[in-house]
There are 2 protein chains.
Amino acid sequence: MLLAERQNYILEQLNTKGRVSATDLANELAVSEDTVRRDLNKLSDMKLLRRVHGGALPLQLEVPDYADRLEKRNPNKQKLAREAVKYIEPNQTIMLNSGETCRYIAMALPRDLPLTVVSACPLIACELAHHDKIDVILLGGTFFKPALRCLGTIAADMIRKMRFDICFMGLCALHPERGFSAKYIEEAEIMRVTIEQADRTIVMGGHTRLGKVSSHQVVSIHELDLLITNDLAEQTVLDAFGKQGLEIVQIS
Amino acid sequence: MLLAERQNYILEQLNTKGRVSATDLANELAVSEDTVRRDLNKLSDMKLLRRVHGGALPLQLEVPDYADRLEKRNPNKQKLAREAVKYIEPNQTIMLNSGETCRYIAMALPRDLPLTVVSACPLIACELAHHDKIDVILLGGTFFKPALRCLGTIAADMIRKMRFDICFMGLCALHPERGFSAKYIEEAEIMRVTIEQADRTIVMGGHTRLGKVSSHQVVSIHELDLLITNDLAEQTVLDAFGKQGLEIVQIS
DNA sequence: TTTAATCATGCAATATCATGCAACTTGTTT
DNA sequence: AAACAAGTTGCATGATATTGCATGATTAAA
C-alpha cells in the first residue's frame with residue numbers, strides 16, 4: 001500500500017462516512033497510528049480535511065466572516081458582551097435574541113463552554129458554526145430584514161415549546177415607567193413571548209438607551225432581571241430601575 | 001523488451017489494478033528499479049499517470065474536485081448558479097436547499113426580481129438581507145454545522161406546510177441507477193420531503209458529481225426534472241439520465 | 001481529580017529517489 | 001568495417017522520504 005493510496009482511502013472514508021478515527025484507520029490500513037496521524041496532518045496541511053483530536057472531519061463549508069465587520073465598529077458593545085458571558089454556566093440553554101450586542105456575545109463565548117444556544121438571528125448561527133461545544137437551534141419563520149432575524153407565528157410557536165436558562169437581549173429603549181420598548185411591533189411581541197419562557201432575562205445597552213421610550217412596549221421593568229450598562233449612565237435613572245427590582249452592573 | 005512495451009505494460013497494470021509499485025514492476029519486467037522510475041517519470045510528464053512515492057496511481061478526477069471546493073470564489077459553481085437563475089419567473093416561491101451552489105444562486109438573483117425564497121441555510125438568508133424585492137422564509141430547527149443548515153422535525157414540519165414552484169439543490173452525487181444521494185442521512189430525509197412539495201426540482205453539479213453514489217439515497221432520477229451541469233460530463237452517463245426523463249442542460 | 005487515549009517529537013532503520021557515469025545498444029556516417 | 005552520435009540501461013553515490021518505536025506532553029473523559 002502506497003502512501004498516496006492510503007491518503008486516497010482516508011479521503012474516501014471521510015467523504016462517505018463523514019468522519020474518520022485514527023485508531024480505526026490504523027487497523028484498516030495495517031499501519032501504525034503514527035503513520036495515520038502523519039497522513040492526517042499532511043492532508044490537513046493540504047486543506048483537504050479538518051484535523052480533530054482522535055481523527056478528522058470533512059472541511060466545513062466556508063463561513064463568511066461577519067465577525068470582522070463588527071470587530072472594529074463597536075468596542076462598547078463588545079465590552080457589554082464580555083460582561084454578559086460571565087453569567088453563563090456550562091450546559092445551560094441560552095437565548096441570544098438578536099441585534100449586534102447578541103452577536104458580540106456569540107463571538108465572545110469561550111470555545112470550551114458547552115451550551116445550547118437558541119436564536120432567531122441567522123448571523124448568530126453562522127457565528128457559532130465553528131464552535132464544537134455549542135448546539136445551535138435556529139428559530140424559523142419570516143425573515144425580517146430590518147432586524148436581521150426571524151419573526152412571526154412560526155418563530156413564536158417554536159419559542160413557546162422551549163425554556164431558557166437565560167435570555168439575553170440588546171436594549172432599544174429602557175424607561176423606569178414605560179419599561180422595555182422596541183422599535184418594531186412584530187419584534188416586541190416575540191420578545192415578550194421569549195421573556196416568558198426564560199428563567200432569567202439579562203438586558204444590555206449603553207447609557208444612551210436608558211430613560212428612553214420606543215414605539216412598542218415589550219415588558220415592564222419587573223419582568224427583567226439584570227441590566228448591563230456602562231458607567232456613563234445617569235444615577236437617577238439607575239436608581240429608578242433599582243427600586244423596581246432590576247439588578248444593575250456597570251462596566252467601565 | 002522495448003521501452004515502449006514496458007510503458008504500455010505499466011499503463012495496463014495501472015488500468016486494471018488501479019496502482020503500480022516501482023519495485024514490483026522492476027521484478028515483473030526484469031529491469032532495474034531505476035529504469036522503472038525513469039519510465040514512470042516519463043509517463044507522468046506525458047500526463048498519463050500520477051507519480052507518487054513508491055509507484056504511481058491513475059489520474060483521478062477526484063483530486064481537482066477536492067481542490068476546487070477550496071477556491072474562495074468558485075467560478076464553476078457560479079456559472080451553474082447563473083444558469084439556474086434563468087429558470088425562475090417573477091413572484092414564484094423557490095426553495096434554495098443549502099450548499100455552496102445555492103448560495104451562489106442567492107448571490108446571482110437579480111435585484112429587481114420579486115420572489116419568495118425559502119431556505120434552511122442561514123447564510124442564504126444573510127445573503128438576501130439586502131434584496132428589497134425578495135421575501136425570505138427561513139426554516140428553523142437544529143442547526144447542523146457540517147452542512148450549515150437547519151434540519152430535524154421542526155424544519156420538516158415547516159416544509160410540509162409549504163409548496164414551491166421550483167426547488168434548487170446542489171448535487172452531492174447523482175447516479176443513473178442509484179439516483180440522487182447525499183452525504184448525511186438527516187439531510188437526505190429533509191431533501192426528500194422538500195422535493196415532494198416542489199412542482200419542479202432542478203439539481204446542479206459539476207461532472208465530478210455524476211455517476212457517483214453517496215451514502216444516503218434521496219430520490220430516484222424520475223423525481224428530478226432538470227440537471228444543470230458542465231460540458232465535461234460523460235455522454236454515456238448523461239444519456240442514462242436522459243432515458244429516465246431527466247432534462248439536461250450543459251454549460252461551457 | 002485521576003486515568004486512558006491521543007498527540008508531537010526525536011531517532012534509527014529502511015525505502016525511495018535524483019544524479020552522474022560508464023557500458024551497452026542502435027542506427028548512421030565515414 | 002570502423003567511427004560516431006544519440007538513446008538507453010544498470011550501478012554507485014549521496015540525498016530525501018517513509019515508517020515504527022520510544023519518550024514525554026497534551027487532551028479527553030470519567
Side-chain angles (χ1 to χ4, degrees), chain A residues 1-14 17-60 88-92 109-116 128 130-136, chain B residues 1-14 17-60 63 145-146:
Chain A
M1 169 86 57
L2 303 173
L3 181 150
E5 281 184 282
R6 275 202 319 267
Q7 299 189 343
N8 280 346
Y9 179 84
I10 292 172
L11 290 176
E12 265 173 40
Q13 289 292 306
L14 209 51
K17 303 210 173 143
R19 69 190 173 93
V20 291
S21 126
T23 312
D24 294 349
L25 284 173
N27 291 329
E28 293 165 29
L29 297 166
V31 292
S32 73
E33 295 193 17
D34 303 76
T35 301
V36 169
R37 267 193 283 276
R38 276 187 273 245
D39 286 338
L40 291 177
N41 290 338
K42 279 176 203 160
L43 291 169
S44 172
D45 290 343
M46 289 189 273
K47 305 269 161 79
L48 295 176
L49 50 73
R50 187 163 69 94
R51 188 79 168 85
V52 296
H53 194 93
L57 296 175
L59 279 186
Q60 296 172 326
I88 305 173
E89 304 284 332
N91 299 307
Q92 283 186 329
L109 290 172
R111 300 200 75 81
D112 58 350
L113 178 66
L115 282 180
T116 300
L128 295 175
H130 295 309
H131 273 260
D132 291 338
K133 307 276 184 162
I134 294 182
D135 291 328
V136 179
Chain B
M1 166 99 40
L2 300 175
L3 181 150
E5 284 181 83
R6 275 202 318 271
Q7 297 191 345
N8 280 339
Y9 179 84
I10 291 172
L11 290 175
E12 265 174 42
Q13 290 292 305
L14 208 51
K17 305 211 172 144
R19 62 173 292 243
V20 290
S21 125
T23 313
D24 293 350
L25 283 174
N27 291 329
E28 293 166 28
L29 298 165
V31 291
S32 73
E33 295 195 15
D34 303 76
T35 302
V36 170
R37 267 193 283 276
R38 275 187 272 246
D39 287 339
L40 291 177
N41 289 339
K42 279 175 201 159
L43 291 169
S44 173
D45 290 342
M46 290 189 272
K47 308 266 157 96
L48 294 175
L49 50 74
R50 184 161 73 99
R51 186 77 168 90
V52 297
H53 193 93
L57 295 175
L59 285 178
Q60 297 175 334
V63 177
K145 291 169 193 165

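FYI, side chains are in, hydrogens and waters are out, and symmetry mates aren't considered; it's all heavy atoms of this structure. Proteins come first, then strands; the chains are lettered A, B, ... in the order of their sequence lines, and each starts at number 1.
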Worksheet item: If we only count heavy atoms from C-beta on, is the A:L109 to A:I88 side-chain gap below 4.5 Å?
Response: yes
Discussion item. For a 4.5 angstrom cut-off between non-hydrogen side-chain atoms, does B:L3 reach B:K42?
Written reply: yes
Worksheet item: Mind checking whether A:R6 and A:E28 have side chains closer than 4.5 Å, heavy atoms only?
Response: no
Worksheet entry | Nucleotide-resolved protein contact map, nucleotides 19-30 of chain D, B/S/- at heavy-atom distance under 4.0 Å | BBBB----SS--
Practice prompt. Begin with the C-alpha distance, continue with both residues' side-chain angles, and end with the deciding distance and a verdict on side chain to side chain contact (heavy atoms under 4.5 Å, CB included) for A:Q92 and A:L115.
Written response: CA-CA 5 Å; A:Q92 283 186 329; A:L115 282 180; 4.2 Å; yes
Worksheet item: Taking only residues two or more places apart in sequence or in another chain, which ones pass salt bridge (Lys or Arg N to Asp or Glu O under 4.0 Å) with B:E12?
Response: none
Discussion item. Assuming nearest nucleotide by heavy-atom distance, tell me which of A:G55 and B:V52 is located more 5' along DNA chain C.
Written reply: A:G55
Practice prompt. Measure the shortest side-chain to side-chain distance between B:I10 and B:L49 over non-hydrogen atoms and say whether it is less than 4.5 angstrom.
Written response: yes
Worksheet item: How about A:V31 and A:M1: do any of their side-chain heavy atoms sit closer than 4.5 Å?
Response: no
Discussion item. I'd like to know whether A:L25 forms a side chain to side chain contact (heavy atoms under 4.5 Å, CB included) with A:L40, so could you lay out the CA-CA distance, the side-chain angles of the two residues, the decisive distance to 0.1 Å, and finally the verdict.
Written reply: CA-CA 10 Å; A:L25 284 173; A:L40 291 177; 4.3 Å; yes
Practice prompt. Taking heavy atoms of chain B and a 4.0 Å limit, find me the 5'-most and 3'-most nucleotide of DNA chain C within that range.
Written response: C:dT16 to C:dT19
